Amino acid sequence: LLDRLGAGSVPVAVGSVGTPVPPQPHEYALEGYKEVDKARLGSAPELMLYVLNTSPPATLTVVLISSLRDFADAIDAHGELVRRAVCSVCVMGGLEQSENARF
């Protein structure tokens with residue numbers, strides 16, 4: 001999709017494994033979706049750390065639309081870096097209770 005929008009240089013990464021959710025047909029009804037080059041997908045934790053390290057202080061808005069796992073891990077491992085780089089965090093609603101939650 002980013003290639004079709006002329007934004008193919010925007011890095012895209014895959015997050016850590018969360019709770020599997022079966023995909024719905026409307027989520028993938030985009031022409032060319034099956035043409036995704038998985039070799040171009042990076043690691044979300046690595047991309048997040050790169051962005052945190054290379055951004056000016058208090059300039060990042062983190063938008064979390066799925067699992068919070070990778071961002072929680074970044075806070076846990078690099079708390080001072082996250083506090084330095086991030087100015088706001090937006091979280092899409094939803095709640096799933098877990099007995100094994102670390103945060």
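All of these numbers come straight from a predicted model, not from anything done at the bench. Scope of the values below: all heavy atoms of this structure, side chains included, with no hydrogens, waters or symmetry mates.
- Looking at R40 and L2, their side chains never come closer than 4.5 Å, going by heavy atoms from C-beta outward.
- For the side chain to side chain donor-acceptor pair (under 3.5 Å) test, no residue two or more places apart in sequence or in another chain qualifies with T59.
- Atom CG of L5 has more than 12 heavy atoms from other residues, nucleotides or ligands within 6.0 Å.
- Connection of Y50 to L41 is not established within any shared hydrophobic cluster, with ILVMFWY side chains joined at heavy-atom distances below 4.5 Å, either directly or through further cluster members.
- When all heavy atoms are compared, the tightest approach of C87 to A58 is CB-O, 3.4 Å.
- For L81, the side-chain contact (heavy atoms from CB on, under 4.5 Å) partners are L49, L52, N53, H78, R84, not counting sequence neighbours.
- When the side-chain contact (heavy atoms from CB on, under 4.5 Å) test is applied to I75, the partners found at least two apart in sequence or on another chain are F71, V82.
- Evaluation of the side chain to side chain donor-acceptor pair (under 3.5 Å) rule for S88 yields T61 as partners, not counting sequence neighbours.
- Atom SG of C90 is separated from atom CG of L64 by 8.5 Å, given to the nearest 0.5 angstrom.
- In this structure, the side-chain contact (heavy atoms from CB on, under 4.5 Å) partners of A13, at least two apart in sequence or on a different chain, are A44, L47.
- Taking hydrophobic clusters as Ile, Leu, Val, Met, Phe, Trp and Tyr residues chained together by side-chain heavy-atom distances below 4.5 Å, L68 does not share a cluster with M92.
- Under the 4.5 Å side-chain heavy-atom criterion for grouping Ile, Leu, Val, Met, Phe, Trp and Tyr, M48 is not connected to V12 through any hydrophobic cluster.
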